[in-house]
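Because only heavy atoms are used, hydrogens play no part in the values below, and waters and symmetry mates are left out as well, while side chains stay in.
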Amino acid sequence: MNSTEPCTDSVDVDWVLQSARSTPAQALARIGALCQGIPDLFAAMFAVLATHQGVSKEILALAIKQFRPDTTDLSRDDVAGLLTSISNGGKQGFDAVLRSRRRGSERGAASMPWLKD
């Protein structure tokens, strides 16, 4: 299988694919499992955001508030703002690391010719 072909070996993860559609009840159950299974608030919110890209941040915020007692003192808008900050900061960080890795791979290829991508 090449990198442009969809993975069909495991049907269990199909719901994560961007093209997947699920009912609100299915999404809510998954969000609940992520929120309850990941103790760190940032990590839980990051996982919810990453696995439910088709759902608005406002709806995700309501779902997260339902399952995370550490967000009771925050409004829905506060939690949506946290999701936005995760989304924006994560992307900027990803881009910075990607740029630095690309520059590093150009330097590293000459010093370690036995390594293959």
What is the minimum heavy-atom distance between S85 and L82, and which atoms define it?
OG-O, 2.7 Å

Return the minimal non-hydrogen interatomic distance between R68 and D40, and the atom names on each side.
NH2-C, 3.9 Å

Kindly give the heavy-atom pair with the smallest separation between I64 and T71, and that separation in Å.
O-OG1, 4.1 Å

Side-chain heavy atoms nearer than 4.5 Å, only ILVMFWY residues, links allowed to pass through others: does that put L83 and L62 together?
no

Interatomic distance, L34 atom CG to T51 atom OG1 [nearest 0.5 angstrom]:
5.0 Å

Could I get the full list of side-chain contact (heavy atoms from CB on, under 4.5 Å) partners for D78, not counting sequence neighbours?
L74, S75

Could you tell me whether F46 atom CZ has more than 12 heavy atoms of other residues or ligands within 6.0 Å of it?
no

Search all heavy atoms of F67 against all heavy atoms of C35 and return the closest pair with its distance.
CB-CB, 3.7 Å

Taking the side chain as every heavy atom from C-beta outward, state whether R30 and V48 have any atom pair closer than 4.5 Å.
no

Taking all non-hydrogen atoms of both residues into account, name the closest pair between K57 and S87 and its distance.
CE-CB, 4.1 Å

Among residues at least two apart in sequence or on other chains, which ones pass side-chain hydrogen bond (donor to acceptor under 3.5 Å, both in side chains) with T23?
Q26

Can a donor-acceptor pair be found, under 3.5 Å and without considering hydrogens, that links the side chain of Q53 to the backbone of A50?
yes

Nearest-0.5 Å distance that lies between atom CD in E58 and atom CZ in R76:
6.0 Å

Give the minimum heavy-atom separation between G37 and P39, together with the two atoms involved.
O-CD, 3.6 Å

Using 0.5 Å steps for rounding, measure from the CD1 atom of I59 to the NE2 atom of H52.
12.5 Å

